[in-house]
Visitor: 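Structure in structure tokens, see below.
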Amino acid sequence: MLTITAASLAGGQGKTTSCFFLARALAKLGYKVLMVDADPQSSLTLYLGHEVEANQPTLLEVLKKQVAVEDGIYESNYPNLWLIPSDDGLEVIQEYLSSTAMGELVLKKRLKEVRDLFDVCIVDSPPQRTQICLTAIVAADELLIPAESSSKGLHSLVRTLQLVDELKSVDAFEGSILGIVPFRDKWLGRTQAKRSQVSIQDMKEVGIGILVVPSILESERYKQAIDTGRTLEELGYPDLELPFQKIIEVLEKKWLLNK
Ligand code: ATP
Ligand code: MG
């Protein structure tokens, strides 16, 4: 099982959006995909239309080893797509992770238990540099860094790259950076907004040697696809899938096709 985490240290950078569309695209190709909602805001759980019931285990119980990992996995409404959900109760895991030796390794270790059941695991992380965020990053074989096409996005990218360097320097992060995903790239007809153009150029300069994938355009269609459960292609916007196709192309070359 290949684990991919979307991380970016600011709110609204496109982490959950990237996770959702990448997972759906992989599932459509026939890969068995496990999604992990590692954000107490639980947007991903919501996007998948999953309702957590009071007595059902979530990521919290999985991380605390109160249940077997498999017991925290639920089928989604989409073929080939499963979820370990979360709700705002996940917040209390911070304390557990900080007081556990090598708390950063907890998710990685737990996911090993189900590595033979899935082809790909996609982890959505919270925007703050918390213990949950660290354990989500450390679990990754490949890291995706979505960043808004703005100065806030650039700042988020810089902070995330610094964190990855820190984690590498203590041998905690052993994965690689799959790519930067510019988010909300704005075009007016055939003209790219200056702000988008400048910030994406800056992303390329900041992320030397890191792939900058085709951007997620500023568009209501992504939300529409989530709300209706249809794909962007089914909605008549196949071009909007380009960022995820590029990511899958890279993943297949490096990992998936020679399995
Ligand atoms: P958080 O840090 O809060 O978890 P995030 O990094 O996961 O945020 P998303 O939730 O993916 O970011 O997206 C942020 C917001 O942008 C959401 O409200 C979403 O509906 C909206 N959005 C998603 N895709 C697009 C798009 N292509 N164009 C414009 N807005 C979008
Ligand atoms: Mg999110």
Side-chain angles (χ1 to χ4, degrees), residues 4-25 35-50 52 58-59 83-88 90-91 93-94 122-137 140 143-161 163 178-188 192-193 195-196 199-200 203 213-233 235-247:
I4 304 161
T5 297
S8 195
L9 291 176
Q13 300 301 305
K15 296 176 286 291
T16 308
T17 302
S18 300
C19 287
F20 179 85
F21 285 95
L22 178 61
R24 282 212 65 192
M35 305 205 75
V36 177
D37 190 351
D39 184 355
Q41 294 182 98
S42 52
S43 310
L44 185 63
T45 301
L46 198 74
Y47 284 9
L48 287 167
H50 180 90
V52 174
T58 62
L59 183 63
L83 171 71
I84 303 182
S86 73
D87 60 16
D88 53 7
L90 180 64
E91 205 64 67
I93 200 67
Q94 304 289 9
I122 297 184
V123 183
D124 188 20
S125 69
Q128 306 85 1
R129 190 193 153 125
T130 54
Q131 291 295 318
I132 312 180
C133 182
L134 297 186
T135 204
I137 292 178
L143 196 68
L144 265 184
I145 310 179
E148 193 181 58
S149 309
S150 65
S151 46
K152 182 182 172 193
L154 188 68
H155 189 61
S156 182
L157 169 64
V158 169
R159 296 207 322 134
T160 311
L161 290 172
L163 174 58
L178 173 59
I180 296 165
V181 192
F183 179 57
R184 301 184 69 166
D185 175 7
K186 199 166 183 172
W187 287 71
L188 306 154
Q192 189 178 26
R195 187 181 85 155
S196 295
S199 46
I200 294 172
M203 287 179 198
V213 305
S215 44
I216 296 178
L217 298 183
E218 170 82 25
S219 162
E220 282 299 304
R221 304 301 168 198
Y222 292 89
K223 190 171 180 301
Q224 195 185 348
I226 292 167
D227 291 345
T228 58
R230 298 168 75 192
T231 63
L232 291 159
E233 192 182 1
L235 291 175
Y237 302 94
D239 290 356
L240 296 182
E241 306 243 12
L242 196 64
F244 315 105
Q245 285 163 356
K246 178 65 190 179
I247 293 166

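Whatever order the structure lists them in is the order used to number ligands and atoms, beginning at 1.
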Visitor: Closer than 4.0 Å to some heavy atom of P127 - which atoms of ligand 1 meet that?
Guide: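 Checking each atom against P127, I get 2 (O).
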Visitor: Of all the heavy atoms in G14, does at least one lie under 4.0 Å from an atom in ligand 1?
Guide: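 In this structure, G14 qualifies as a contact of ligand 1 - some heavy atom is under 4.0 Å.
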Visitor: Can you tell me the protein heavy atom closest to atom 27 (N) of ligand 1 and the distance?
Guide: L217 O, 2.7 Å
Visitor: Could you say whether the N/O atoms of G12 and ligand 1 ever approach to under 3.5 Å?
Guide: yes
Visitor: Report yes or no: does a heavy atom of S43 sit under 4.0 Å from some atom of ligand 1?
Guide: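 Checking ligand 1 against S43, which is what was asked, there is no heavy-atom contact under 4.0 Å.
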Visitor: Would you say S125 has any N or O atom under 3.5 Å from an N or O of ligand 1, going by distance alone?
Guide: no
Visitor: If you measure every N/O of S219 against every N/O of ligand 1, is any gap under 3.5 Å?
Guide: yes
Visitor: Would you say S156 and S8 are linked by a side-chain donor-acceptor pair, where the criterion is simply a distance under 3.5 Å?
Guide: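 S8 vs S156: donor-acceptor pair found between side chains.
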Visitor: Quick check: D124 and ligand 1, any N/O pair under 3.5 Å apart?
Guide: no
Visitor: Which atoms of ligand 1 sit under 4.0 Å from any heavy atom of E218?
Guide: 28 (N), 29 (C)
Visitor: Got an N/O contact under 3.5 Å between E220 and ligand 1?
Guide: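 Looking only at distances, the answer is no, because the N/O contact criterion of under 3.5 Å is not met.
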Visitor: To the nearest 0.1 Å, how far is atom 15 (C) of ligand 1 from its closest protein heavy atom, and which atom is that?
Guide: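 That would be F183 CZ, 4.5 Å.
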Visitor: Below the 3.5 angstrom mark, is there an N/O of T17, backbone or side chain, next to an N/O of ligand 1?
Guide: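 Such a contact does occur with ligand 1.
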Visitor: Just to confirm my output: which protein heavy-atom neighbour is closest to atom 3 (O) of ligand 1, and how far is it?
Guide: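 Result: Q41 NE2, 3.2 Å.
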Visitor: I need the atoms of ligand 1 closer than 4.0 Å to a non-hydrogen atom of I216, numbered in the order shown.
Guide: 27 (N)
Visitor: Could you find the nearest protein heavy atom to atom 2 (O) of ligand 1 and give me its residue, atom name and distance?
Guide: K15 NZ, 2.8 Å
Visitor: Is there a heavy atom in P126 that sits closer than 4.0 Å to ligand 1?
Guide: no
Visitor: So is Y47 touching ligand 1 or not, going by heavy atoms under 4.0 Å?
Guide: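 Flag set, Y47 near ligand 1.
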Visitor: Checking a contact table here: which protein heavy atom is nearest atom 29 (C) of ligand 1, and how many Å away?
Guide: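 The protein heavy atom lying closest is R184 NE, 3.4 Å.
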Visitor: Under 3.5 Å, is there a donor-acceptor pair between the D124 and T16 side chains?
Guide: yes
Visitor: Quick check: does Q41 put an N/O/S atom under 2.8 Å from the Mg ion (ligand 2)?
Guide: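 No N, O or S atom of Q41 is closer than 2.8 Å to the Mg ion (ligand 2), so no.
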Visitor: With respect to P126, which candidate in D37, D39, L90 satisfies the side-chain contact (heavy atoms from CB on, under 4.5 Å) definition?
Guide: D39
Visitor: Pull out every atom of ligand 1 sitting under 4.0 Å from any heavy atom of A10, numbered as shown with elements.
Guide: 2 (O)
